[in-house]
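Here is the naming used below: chain letters follow the sequence lines, and residue numbers restart at 1 for every chain. Computation of the quantities below employed the complete heavy-atom set of this structure, encompassing side-chain atoms and omitting hydrogens, waters and symmetry-equivalent molecules.
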Number of protein chains: 2
Amino acid sequence: MNYMAFLSFLEQSDESFKSVCRRTYVENQRVISVKKESTAIKNLKKILDAVFYISVKKGFTAMTMRDLSNHTGLSMGAMYAYFKSKDDLLNIILTQGMSMISRVLENIMKLHADPQLQLEAVIKAHIYLSEKERSWFYFMFMEAKKLSPKDLKAVKNAEYYTEKILVDILQAGAKSGVFNDQNHVMTASIIKAMQQEWYLKRWKYSSRDITVDAYTDYVLGFVKSFCWKNNGGQ
Amino acid sequence: MNYMAFLSFLEQSDESFKSVCRRTYVENQRVISVKKESTAIKNLKKILDAVFYISVKKGFTAMTMRDLSNHTGLSMGAMYAYFKSKDDLLNIILTQGMSMISRVLENIMKLHADPQLQLEAVIKAHIYLSEKERSWFYFMFMEAKKLSPKDLKAVKNAEYYTEKILVDILQAGAKSGVFNDQNHVMTASIIKAMQQEWYLKRWKYSSRDITVDAYTDYVLGFVKSFCWKNNGGQ
DNA sequence: GTCTATAGTGCGATAGAC
DNA sequence: GTCTATCGCACTATAGAC
């Protein structure tokens, strides 16, 4: 599966940006006072796009509601129909982002049974998803620590969850003899670090014209040389 | 060299936290109105410690000057004797941090001639330094993007600089036949990602009682399996 | 060299018209 | 469902006493 194929997969599993906005609307109707779904989704999309655009440049805290108003074309009053407060907005974005990632990785897992293919697929999918929703991933990483302790715990659990997916695959593969028997938790952590690199330092790879597929292949080469028994075909 | 040995090395090369504060004072005397050096260094240290403590929790933008005043025990007015503005404070911290890293890595490089030993030493030193000045590294990463375009460029150049140190070693080793001949820029980027992981996700390793030496060894194992010719002794 | 007190600014949020 | 106008508050930065 390359990046193009992954995008088709996302469409099939109803994970377009618009679909995620629809989910956000449905799951937050007790807060959102706008009743017409099509309007709500359209404006939510505008709001999220603007939040990412502004926050990536100067951070969520430094973003003012007036900034957001200017970028969305909505007035201050209109925006407050979509969230209770600025903090509430932060919460909605982080929560929805985390559940999107979990859903996608779970769906990807189901495509394979063989640990080698599964590991490749999950590593790729995470990087590809972070490419597609680059600003969202970057935002989640940078703003997560501003959450309340309770919500911060949820973010850390999400980190452990995606790590555990990798650990389970590594364990299964070690048991069946295709992977080296190492400290799987450490290996998974380091794989996650490589995945993160892609969206945290995107400017570096853009300026070097390195595509997401080229980056993913390099990461897989690194991982195979360490995990695959018989040296990953190097 | 393990972490303890690295700490001795830092002392020898005059890179204690206090020394760095002294440099900060000397290099910013045109801004700092305090004339007595010992007072200035003592208070600068207090200020930096407090900035890191507060910013790691909620970010530099969300930190108020009152927060800083409470944590340092200095009044608002007194603090403004050490920097022109909140932005100026940010600038000083980022600039001093970057030059500290460059100095240390350069000094480490000089200890070895052999590419394999050099690569090990530089990778270790970076992780060890980020362990010692954890909050400073974390702060630099999280707050860098709030700089002006000009200063942002300096940060990106610092990223390229530390990456280039790795690339040069990898090239020398490939030429002399001890390293595999790969895309050295990509390899260096990925090594940097692993180094970053240590200070960006420190909470994860603390909760698992993984020491900085254990982490460093694991990273080196990963790197060796990919870069060392004849598979890094696995 | 440090304090207290405060000027001036710009924020998040809302009430009420349309 | 959206807009305009505005309130009350908390912020950065400084002036002047000690």
Side-chain angles (χ1 to χ4, degrees), chain A residues 21-22 24-26 28-47 50-51 54-55 57-93 143 146-148, chain B residues 21-22 24-26 28-47 50-51 54-55 57-93 143 146-148:
Chain A
C21 288
R22 179 177 301 114
T24 306
Y25 172 64
V26 173
N28 292 281
Q29 268 181 325
R30 49 192 177 74
V31 169
I32 300 175
S33 66
V34 179
K35 291 302 160 217
K36 200 177 161 204
E37 179 167 311
S38 64
T39 312
I41 293 174
K42 194 185 68 194
N43 283 338
L44 257 182
K45 191 172 170 319
K46 269 190 200 168
I47 292 171
V51 169
I54 303 164
S55 300
K57 292 199 171 172
K58 56 180 181 181
F60 185 77
T61 319
M63 177 196 78
T64 69
M65 299 312 278
R66 285 168 182 80
D67 287 339
L68 199 55
S69 170
N70 290 337
H71 273 82
T72 53
L74 294 167
S75 71
M76 301 270 285
M79 287 190 312
Y80 274 91
Y82 293 89
F83 42 82
K84 285 203 302 283
S85 66
K86 199 184 170 191
D87 270 4
D88 184 46
L89 174 60
L90 175 62
N91 232 292
I92 290 175
I93 295 176
E143 311 298 344
K146 286 152 202 166
L147 287 170
S148 67
Chain B
C21 288
R22 179 177 302 112
T24 305
Y25 172 64
V26 173
N28 292 280
Q29 269 179 327
R30 49 191 177 73
V31 170
I32 300 176
S33 67
V34 179
K35 293 300 161 218
K36 200 176 161 203
E37 179 166 311
S38 64
T39 312
I41 292 173
K42 195 186 69 194
N43 283 338
L44 257 182
K45 192 173 170 318
K46 269 190 200 168
I47 292 171
V51 168
I54 303 165
S55 300
K57 291 198 172 172
K58 55 180 182 179
F60 186 76
T61 318
M63 176 194 79
T64 70
M65 299 312 278
R66 281 172 183 78
D67 286 340
L68 198 55
S69 170
N70 290 338
H71 272 81
T72 54
L74 293 168
S75 71
M76 302 269 286
M79 288 189 312
Y80 274 91
Y82 294 88
F83 42 82
K84 286 202 304 283
S85 66
K86 199 186 171 190
D87 270 3
D88 185 46
L89 175 59
L90 175 62
N91 232 292
I92 290 175
I93 295 177
E143 311 298 344
K146 285 152 205 167
L147 286 171
S148 66

statement: B/S/- along nucleotides 2-18 of chain C (protein heavy atoms under 4.0 Å) is SBB------BBBB----

Which residues share a side-chain contact (heavy atoms from CB on, under 4.5 Å) with A:Lys42, sequence neighbours left out: none

- prompt: Around atom NZ of A:Lys57, are there more than 12 heavy atoms of other residues, nucleotides or ligands at under 6.0 Å?
  reply: no

message: So does A:Thr61 get a backbone contact from the side chain of A:Lys86, meaning a donor-acceptor N/O pair under 3.5 Å?
response: yes

Donor-acceptor pair, side chain of A:Tyr25 and main chain of A:Ile32, under 3.5 angstrom: no

message: Which heavy atom of B:Asp67 sits nearest to which heavy atom of B:Ala62, and what is that distance?
response: OD2-O, 4.1 Å

